[in-house]
Chemist: 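Take this structure first; my questions come after.
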Amino acid sequence: MSKRKDGSTLNRRGLLKGATVASLAALGSSQAMAQAPAQSRPAGPNVSPADAGRPREVPIVQDNCGSDYMADVIKSLGIEHVACNPGNSFRGLHESLINYLKIDWHTCTHEEASVAMANGYAKIEGKPMLTLAHGTVGLQHASMALYNAWCDRVPVYMMVGNILDAAKRAPGGEWVHSVQDAAATVRDFVKWDDVPGSLTHFGESAVRAYNIAMTPPRAPVLLVLDAELQDGPLPPHEKLTIPRLPKMAPLIGDPGAVAEAAQLLVNAANPVLVADRCGCSQAAIDRLVELAELLQCAVVDLGGRMNFPSRHPLNQSERARAVVREADVIVAFEAENLWGATHTFHDAVERHYDAIIRPGTRLVSIGAAHLYVKANYQDFQRFTEIDLAIPADAEATLPYLIEAVKQRVPLDRKAAMTTRGERLSEAHRQTIKRLKEDALYGWDASPISTSRLAAELWEAIRTEDWSIGAVGSNNRPSWHRRLWDMTKYYHFTGPAAGGGEGYGAPAAAGAALANKKHGRLTVTIQGDGDLMYSPGVLWTCAHSRLPILYVVHNNRGYHQEKLVIQRMANRRQRGIDRSHIGCALDDPFIDYATVAKGLGVASFGPITDPDDLGPALKKAVAVVKRGEPALVDVVSQGR
Amino acid sequence: MRGRFLLLTFAPALLAGAASAQAQVAATPGDAANGKRIYMMVGCHLCHGTVGQGGRPGGPHIAPNPLPYEAFARIVRRPPNTMPPYTAIVLSDRDLGDIHAYLGSIPPLPDPKAAAILNN
């Protein structure tokens, strides 16, 4: 806000509301004189088009701005980082964040990358970072990554810029970068959005949005920021405060329902615990272990998060069908695709399915997804006939379920439970033995087998405090989940839940950002097709000095798509010698090591001889331990 | 090419019917080199890997020590699971026999001591 010579305050808004004749006369400038005829009339339709919207005195500096207040609010939420591709519709906030707040900034080369980075960060750190974009072109770029976060129940905190007032838009670019309702593009897959009309409104909505994003089921939120609100001075009569973020009580399941679930578990001959996105913290994993050990029952980890230690004797994920088939009670924790866990689906000429579970098996579902769902996108999965649905946060409910089970386990059942646990432990031992034998198949093959890739990478990092930052959209290849000793929640955070390619590389970068302050080494088994969606994030890793190892699972194509085309071609009996068309990344092969080098990342490969892989990984890990990114291009089998 | 020659030698038997044709193919050693080429061309490797090691997720390992030809051919022609069917229209009996010969030529698994890192 500028001070005028007469001592009154002058700002852009005040001027635009209409200047008085007296004040204009006081200016005494030739410009003011030239505009005198218009000043004798009230502002409105009678003002000549040549004068409309022109202030009498154009301020050239300002002492304060709305976006500084926005930065203060953002700081109050505990947000530490920004990932962003720049855009002038949020230039005011950009400037405030870098110069006023001096927030840690991560430049991205694509909005999809910045949102995916925020997704990967939140899954490790348990809270959002900020991501910014244009409300039009930027948000359209970002939409796929928002959808992945939505399907993954991850709190992404996003703000986009817009110029709502048509009279304030510069001709040309600012018009095509403006929109009536920016959030409409993504409203089906953000939990809440708003367009603040004042700074007070912004403060309240920013806090509300954060609260909504972090309340289970967690999900992305979006605020659309008008450029005038960011760029202009603080309004003189608006008393601004920073709203307080409430302490949120955990969403615990109804005590009666929890007791009923506990009784079902205790009475069951073969209870099974199924978890998908439950392991968002170490406490969640530890509690699931406690419950499983208390019951000595099977646990199936569906892999949306790291839910259960991979080498725990009760982990039966590799023989999920067998334990689900013999189950008489199944309790699911944040498992929205329970139908998929209890059925087999056959993609034949006529699609059909079979139930895995026996008739009479009781199903209990504890999860936040029961609390909130939208209609258009079908990520809520097929309806499952559940006996008892408990709308709640599974992690928060687990301690109460454990206590309820403890109270109900009769002494005469403990021996049977112990026997059950021993049987499951033996099955687990046999499974691990079989997996190690299976891993030997193709051990010396070139292209390198995915089991060899996972085994060599495990050998290179197993003594470090490591974290798999992200995996591709289909959680494939999955040997790491079979061979590695996973115990911590940050060891694995799941795939791109929306199945959108372009997630793995930037989400892993976000995870690396979160892991960096904890001194963890981040690795990712990076699909080649996924990497080509946003390879620019490698530059972000180099620029931001993110310690991360990308191991490219380079099967030279969109392998999943090759398989489905093969299925179609064989079904129609036309042969599949052409099914690579549209799915292969060859002729020429992509040299990912050279791509990475050009983006400032230390790189190794392409590795084709399996005996060269271990030494290359060792060198790459040394680079990452110095605090820099590295990439190893591994020419590998399809799966 | 030896296998191809033997197959042609028994051509009258092939005309007698599919079952007998399969039996005759099974009696031949097949052309492993051609089998490898066909194996890669028709996409067996997409699920089962280039040396039959299998994929996770994907198809099971099918080499070394493949199923006997009759059982192998029965599964390929009419899979009991989600595997795409390879009818005789898209994969001839001769080529199927050669693929089987290729799978039979794949060397045994390495000594587990050579993969000691799997124990870590």
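Naming convention: chains lettered A, B, ... in sequence-line order (proteins, then strands); numbering from 1 in each chain.
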Chemist: Taking all atoms of both residues into account, what is the closest heavy-atom pair of A/G575 and B/V90, and its distance?
Modeler: N-CG1, 3.0 Å
Chemist: Can you tell me which portion of A/A348 sits under 4.5 Å from chain B's heavy atoms? Options are side chain, backbone, both or neither.
Modeler: neither
Chemist: Grab the two heavy atoms, one from B/C47 and one from A/Q566, that are nearest each other, plus how far apart they are.
Modeler: SG-OE1, 4.4 Å
Chemist: For B/N81, is it the side chain, the backbone, both or neither that has a heavy atom under 4.5 Å from a heavy atom of chain A?
Modeler: neither
Chemist: Name the member of B/L91, B/N120, B/V42 that forms the most heavy-atom pairs with chain A at distances under 4.5 Å.
Modeler: B/N120
Chemist: Could you check which of B/P112, B/P84, B/G58 has the highest count of heavy-atom pairs closer than 4.5 Å to chain A?
Modeler: B/P84
Chemist: Could you tell me which portion of A/L435 (side chain, backbone, both or neither) has an atom closer than 4.5 angstrom to a non-hydrogen atom of chain B?
Modeler: side chain
Chemist: With a 4.5 angstrom heavy-atom cut-off, which part of A/R311 approaches chain B: side chain, backbone, both or neither?
Modeler: side chain
Chemist: Is it the side chain or the backbone of A/R452 that comes within 4.5 Å of chain B heavy atoms, both, or neither?
Modeler: neither
Chemist: Which bit of A/W484 comes within less than 4.5 Å of chain B, counting heavy atoms only: side chain, backbone, both or neither?
Modeler: neither
Chemist: Taking atom CZ of A/F345 as the centre, does the number of heavy atoms from other residues, nucleotides or ligands within less than 6.0 Å exceed 12?
Modeler: yes
Chemist: Any sub-3.5 Å donor-acceptor pair from B/H61's side-chain atoms to A/D438's backbone N or O?
Modeler: no
Chemist: Can you measure from CG (B/L118) to CD (A/E456) and round to the nearest 0.5 angstrom?
Modeler: 9.0 Å
Chemist: As an exercise, state the distance from CD1 of A/I448 to OG1 of B/T50, rounded to the nearest 0.5 Å.
Modeler: 11.0 Å
Chemist: Side chain, backbone, both or neither: which part of A/D577 has a heavy atom under 4.5 Å from chain B?
Modeler: both
Chemist: Is it the case that atom CZ in A/R434 sees more than 12 heavy atoms from other parts of the structure closer than 6.0 Å?
Modeler: yes
Chemist: How many angstroms lie between atom CE of B/M83 and atom CG of A/N570, to the nearest 0.5 angstrom?
Modeler: 8.0 Å
Chemist: Please identify, among B/G54, B/P64, B/P85, the residue contributing the most non-hydrogen atom pairs under 4.5 Å to chain A.
Modeler: B/P85
Chemist: What distance separates A/W443 CH2 from B/I117 CD1, expressed to the nearest 0.5 Å?
Modeler: 4.0 Å
Chemist: By a 4.5 Å heavy-atom criterion (distance strictly below it), what part of A/R462 contacts chain B: side chain, backbone, both, or neither?
Modeler: side chain
Chemist: Atom NE2 in B/H45, atom NZ in A/K562: separation rounded to 0.5 Å?
Modeler: 6.0 Å
Chemist: Do A/Q573 and B/T87 have side-chain N/O donor and acceptor atoms under 3.5 Å apart?
Modeler: yes
Chemist: If I take atom CG from residue B/N119 and atom CD from residue A/E459, how far apart are they, to the nearest 0.5 angstrom?
Modeler: 10.5 Å
Chemist: Looking at chain B, which one of A/R574, A/K436, A/M568, A/R571 has the largest number of heavy-atom pairs inside 4.5 Å, strictly under?
Modeler: A/K436
